[in-house]
2 protein chains.
Amino acid sequence: MGNDTADQLLDSAERLVIERGFNAFSYRDLAAEVGIRTASIHYHFPAKGDLGAALMRRYTDRLDAALARLEGRTTSEAARLTGFVDLYRATGDRGAICLCGSLASDLATLPDALRPAVSAYLERSITWIESAVRRGRAAGEFHGVFDARALAESLVAGLQGALLVARAQSSTEVLDHVEAIVLRQL
Amino acid sequence: MGNDTADQLLDSAERLVIERGFNAFSYRDLAAEVGIRTASIHYHFPAKGDLGAALMRRYTDRLDAALARLEGRTTSEAARLTGFVDLYRATGDRGAICLCGSLASDLATLPDALRPAVSAYLERSITWIESAVRRGRAAGEFHGVFDARALAESLVAGLQGALLVARAQSSTEVLDHVEAIVLRQL
DNA sequence: GTCTATAAACTGATAGAC
DNA sequence: GTCTATCAGTTTATAGAC
């Protein structure tokens, strides 16, 4: 488990989608990386849409695990939100963007089954942040006036855009700026 | 002028890049929309990279014109920055994302000549906002403490990400939230 | 400027042997 | 599970006539 062909294919595909976009990598690229033939890939993922769906499923599961880990910690809500930002920082430090952000920019070309998964990933991030902000306010840790949902959407949008800008400018400092400016309004 | 074949091709291509991404539209799509043959497109834009470069040149020229218009107005710096945000709002209201944001997510696959144009577009936006913030502070209109450059990067990142999120969620309210939260720190 | 004709490479995908 | 062989369709691009 974790290292069979299907997982290797997902690992390669994830990197290729993030680097090039869903429509700019092929089963051929994948085959070359993993060391099998293109026809063999179809055994694991009959159509490219199936591969994309598996990719988003795994990516969403990883998000859920990361958020659960943050919630398991005994700590302040501010530390949890910083932990959320760190997930994006790890992505930016690799020179990468979010898989979900990459797919969102190709949204119209995605197989029908894949599009809702992209929206769901963003929604899950937003509602988690919103809850953290509400808990922090209820506990007297935060005293901001902005709507919690508005703050959550702004943080996700800011971080998604920051990854895009960071890659184009070859500098991740924009992530720190977004973090400082949004989290200041808690 | 403004309606010859080359311009029609650019109009169609711009919409297709924004809607599908640079690698998910073809000269065939373009030919069908404009009503000529694919071979004829190569007369105007020998390679797809030439088309992309022309697209970014026109898009950047339009940005420059819009920023010059904002600067020509006798008004507050706050109104100018709101005017900048309105450029993105017009894009989001059409259900679109920024051409530059779309290309940024396909960055690695772009022809070499095109990549710097994407970075330059973002940099131009950032430095313009930074100047507006500095002018506003020098004039006593703003009293924020954040670094002007940090604010400018956050606004551009926030708006780029907001367009992505808005399209995925079919709701443009995220743009308003980003505007409110970032411009509050002026 | 636009056309027909054509090319060489690549695409996602299937059939069937091992 | 992986292979060979093959498919029909698509892609960017060129040559040369009109």
Side-chain angles (χ1 to χ4, degrees), chain A residues 1-56 58 102-103 106-115 117, chain B residues 1-56 58 102-103 106-115 117:
Chain A
M1 148 239 142
N3 229 6
D4 53 357
T5 305
D7 279 318
Q8 280 179 259
L9 287 168
L10 287 172
D11 289 342
S12 281
E14 184 175 310
R15 196 170 29 73
L16 287 168
V17 171
I18 285 170
E19 204 174 294
R20 309 189 197 170
F22 190 73
N23 298 298
F25 85 97
S26 67
Y27 273 31
R28 202 201 200 192
D29 301 320
L30 230 42
E33 290 206 359
V34 173
I36 58 175
R37 300 294 169 146
T38 62
S40 309
I41 303 178
H42 287 280
Y43 169 80
H44 299 279
F45 305 103
K48 205 181 179 185
D50 299 317
L51 174 59
L55 234 33
M56 272 307 297
R58 194 176 72 151
S102 174
L103 291 176
D106 294 334
L107 202 69
T109 71
L110 301 180
D112 288 343
L114 196 41
R115 239 169 290 131
Chain B
M1 150 239 142
N3 229 6
D4 53 358
T5 304
D7 280 317
Q8 281 179 259
L9 287 168
L10 287 172
D11 290 341
S12 281
E14 183 174 311
R15 194 169 30 73
L16 287 168
V17 172
I18 286 170
E19 204 174 294
R20 309 189 197 169
F22 190 73
N23 298 299
F25 85 96
S26 67
Y27 272 32
R28 201 202 202 189
D29 301 320
L30 230 44
E33 289 205 0
V34 173
I36 58 176
R37 300 292 169 148
T38 61
S40 309
I41 303 178
H42 287 279
Y43 169 80
H44 300 279
F45 305 104
K48 204 181 177 184
D50 299 317
L51 174 59
L55 232 34
M56 272 307 298
R58 195 176 70 152
S102 173
L103 291 176
D106 294 335
L107 203 69
T109 71
L110 300 180
D112 288 343
L114 195 42
R115 240 170 289 130

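Since we're looking at a predicted model, the values are computed, not measured. Numbers restart at 1 for each chain; the letters A, B, ... are given by sequence-line order, proteins then strands.
Look at S40(B) and you'll find a side-chain N or O under 4.0 angstrom from OP1 or OP2 of dC3(C).
Straight-line distance from the CD1 atom of I36(A) to the P atom of dT2(D): 6 Å, rounded to whole Å. Distance, D4(B) CG to dT2(C) C1': 14 Å, rounded to whole Å. Between the CG atom of L30(A) and the P atom of dT11(C) there is a distance of 11 Å, rounded to whole Å.
Ion pairing of R58(B) with D11(B) is present here, as a side-chain N (NZ or NE/NH1/NH2) and a carboxylate O approach within less than 4.0 Å.
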Does the protein touch nucleotides 11-18 of chain D at the base, only the backbone, or not at all? Give it as B, S and - per nucleotide, heavy atoms under 4.0 Å. SSBB----

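The side chain of R37(B) approaches dT4(C) more closely than any other nucleotide in the set dG1(D), dT4(C), dG1(C).
R20(A) places no side-chain N or O within 3.5 Å of a backbone atom of A108(B) that could act as its donor or acceptor partner. Looking at R28(B), its side chain never comes within 3.5 Å of a backbone N or O of T38(B) through a donor-acceptor pair.
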List, one per line, each side-chain donor-acceptor pair under 3.5 Å for residues 46-55 of chain B, sequence neighbours excluded.
residue, atom, partner, partner atom, Å
K48(B), NZ, F22(B), O, 2.7
K48(B), NZ, F25(B), O, 2.8
D50(B), OD2, A47(B), N, 3.0

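A ring pair (Phe, Tyr, Trp, His ring centres under 6.0 Å) check over residues 30-54 of chain A, counting only residues at least two apart or in different chains, returns the pairs Y27(A)-H42(A).
Atoms OG1 and CZ, from T109(B) and R115(B) in turn, are 8.5 Å apart once rounded to the nearest 0.5 Å.
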